[in-house]
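The next block holds one structure in the form of structure tokens; read it before the comments.
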There are 2 protein chains.
Amino acid sequence: MKKTNVTTLPEINASELDLLKVLWREGALAAREVHTRLGERNSWAYSTTRTVMERMVGKGLVEKKLFHGLNLYEAKISRPAGLARLVRNFADRVLELDPAPVVSLFAEGEALSAEEIRELSRLLEEAKP
Amino acid sequence: MKKTNVTTLPEINASELDLLKVLWREGALAAREVHTRLGERNSWAYSTTRTVMERMVGKGLVEKKLFHGLNLYEAKISRPAGLARLVRNFADRVLELDPAPVVSLFAEGEALSAEEIRELSRLLEEAKP
DNA sequence: TTCTTCATGCGACAACTGTAGCACGTACGC
DNA sequence: GCGTACGTGCTACAGTTGTCGCATGAAGAA
């Protein structure tokens with residue numbers, strides 16, 4: 001079972017990225033909690049949040065696990081793995097350049113730890129040849 | 001009539017970007033020509049190419065003009081404008097950073113002229129506040 | 001026990017995308 | 001004049017995404 005192959009990861013669209021960000025930040029959450037966290041940025045109905053998450057489970061982006069009778073959702077792909085997918089795509093198609101320089105841009109922000117940046121870099125490197 | 005407002009530009013998806021690249025590079029082309037240029041990268045049927053282009057006309061990304069009885073398609077948005085849309089999106093959502101540093105990455109490649117890079121930069125700047 | 005509140009599983013429907021095919025008309029080679 | 005080759009306008013149909021609502025069942029409040 002290949003686990004970190006960037007190229008075979010499913011696409012991540014805008015909505016999905018929003019949800020993933022919440023899960024990456026807060027770990028496993030109940031649907032209701034995810035919905036609340038989304039609250040400001042998003043005006044979805046609760047059922048919409050659930051549908052999107054449920055579909056992400058189907059795509060393998062999110063994992064659903066029963067915890068004392070309550071369903072918790074957790075990101076199934078790491079943040080570096082998800083970002084790698086997006087960065088590679090952007091570098092290839094828009095920049096038409098190697099993704100490496102893009103990675104260094106993350107260093108300016110605070111979204112990623114140094115550790116995650118290294119991991120991101122590694123993932124992009126590894127899928128290169 | 002606002003002409004270069006990045007934020008109101010329609011989304012540009014992967015297929016559309018492919019077509020736009022051809023048109024940016026070669027100017028106005030007949031559907032058949034576009035299809036041929038796409039040939040290597042793309043295994044669409046000719047009718048698919050036409051459908052996608054026609055839809056792009058509807059979205060205002062491409063313009064169709066009759067030339068001596070033949071329809072020619074031409075990009076309606078400039079390359080810097082299109083790229084601005086994509087860069088802004090990526091910077092906002094993935095990098096969670098200002099788009100300016102991304103622009104400087106274009107300097108490394110040869111896809112854009114210095115002039116276009118300036119224009120791209122200007123467009124991103126102007127839509128900022 | 002009965003009422004109220006949620007979580008959860010399902011179903012729905014419209015818009016957008018991927019991917020074509022068909023029919024008609026016109027221009028051109030024979 | 002006729003058949004052949006395209007350009008063009010339409011139509012189609014399945015899969016994905018956006019966006020919800022409904023019904024059922026379990027758990028807690030009264």
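Small disclaimer: the values here were computed from a predicted structure and weren't measured. Labels below follow one simple rule: chain letters A, B, ... track the order of the sequence lines, proteins then strands, and each chain is numbered from 1.
- Separating the CZ atom in A:R32 from the CG atom in A:N71 is a distance of 13.5 Å, to the nearest 0.5 Å.
- Checked for salt-bridge contact, B:E119 and B:R122 meet the test: a charged N lies under 4.0 Å from a carboxylate O.
- For B:K64, a side-chain nitrogen or oxygen approaches OP1 or OP2 of D:dG9 to under 4.0 Å.
- Taking atom CG on B:L38 and atom P on C:dT19, their separation rounds to 12 Å, with Å as the unit.
- Listed by residue number, the members of residues 67-76 of chain A with any heavy atom below 4.0 angstrom from DNA chain C are A:L70, A:N71.
- Partners of A:K76 under the side chain to side chain donor-acceptor pair (under 3.5 Å) rule, at least two apart in sequence or in another chain, do not exist in this structure.
- Computed from coordinates, the B:D18 CG to C:dG18 C1' distance equals 13 Å when rounded to whole Å.
- The main-chain N or O of B:R93 is found under 3.5 Å from a side-chain atom of A:K21 such that the two form a donor-acceptor pair.
- For the pair A:R50 and A:Y46, the cation sits on the ring face: its NZ or CZ lies under 6.0 Å from the ring centre, inside 45° of the axis.
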Between the protein and nucleotides 20-22 of chain C, list the N/O to N/O atom pairs that are separated by less than 3.5 angstrom.
from   : atom 1 : to    : atom 2 : distance (Å)
C:dA20 : OP2    : B:A45 : N      : 3.3
C:dA20 : O5'    : B:T48 : OG1    : 3.3
C:dA20 : N6     : B:T51 : OG1    : 2.7
C:dG21 : N7     : B:S47 : OG     : 3.2

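- One finds the CG atom of B:L20 at 12.0 Å from the CZ atom of B:R25 (value rounded to the nearest 0.5 Å).
- If you measure from atom CE of B:M53 to atom P of C:dT19, you get 16 Å, rounded to the nearest angstrom.
- Note that CG of B:L95 is 9.0 Å distant from CG of A:L83, once rounded to the nearest 0.5 Å.
- Rounded to an integer number of Å, the gap from A:E54 CD to C:dT8 P is 9 Å.
- Within residues 19-35 of chain B, no residue has any heavy atom closer than 4.0 Å to DNA chain C.
- Here the CG-CD1 distance, from B:L19 to B:I12, works out to 11.5 Å after rounding to the nearest 0.5 Å.
- B:E108 contributes no side-chain N or O that, together with a main-chain N or O of B:L105, makes up a donor-acceptor pair within less than 3.5 Å.
- Residue A:E11 contributes atom CD, which lies 12 Å from atom C1' of C:dT17 at whole-angstrom precision.
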Give the table of side-chain donor-acceptor pairs shorter than 3.5 Å for residues 51-70 of chain B, with sequence neighbours excluded, one pair per line with atom names and distance.
from  : atom 1 : to    : atom 2 : distance (Å)
B:T51 : OG1    : B:S47 : O      : 2.9
B:E54 : OE1    : B:Y73 : OH     : 2.7
B:E54 : OE2    : B:K64 : NZ     : 3.1
B:K59 : NZ     : B:E16 : OE1    : 3.2
B:K59 : NZ     : B:E16 : OE2    : 2.7
B:K65 : NZ     : B:E74 : OE1    : 3.1

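- Listed pair B:K59 / C:dT17 meets the phosphate criterion, a side-chain N or O lying under 4.0 Å from OP1 or OP2.
- Not counting sequence neighbours, the partners of A:R79 by the side chain to side chain donor-acceptor pair (under 3.5 Å) test are A:E116.
- Remark: B:N13 is in phosphate contact with C:dT17, judged by side-chain N or O atoms under 4.0 Å from OP1 or OP2.
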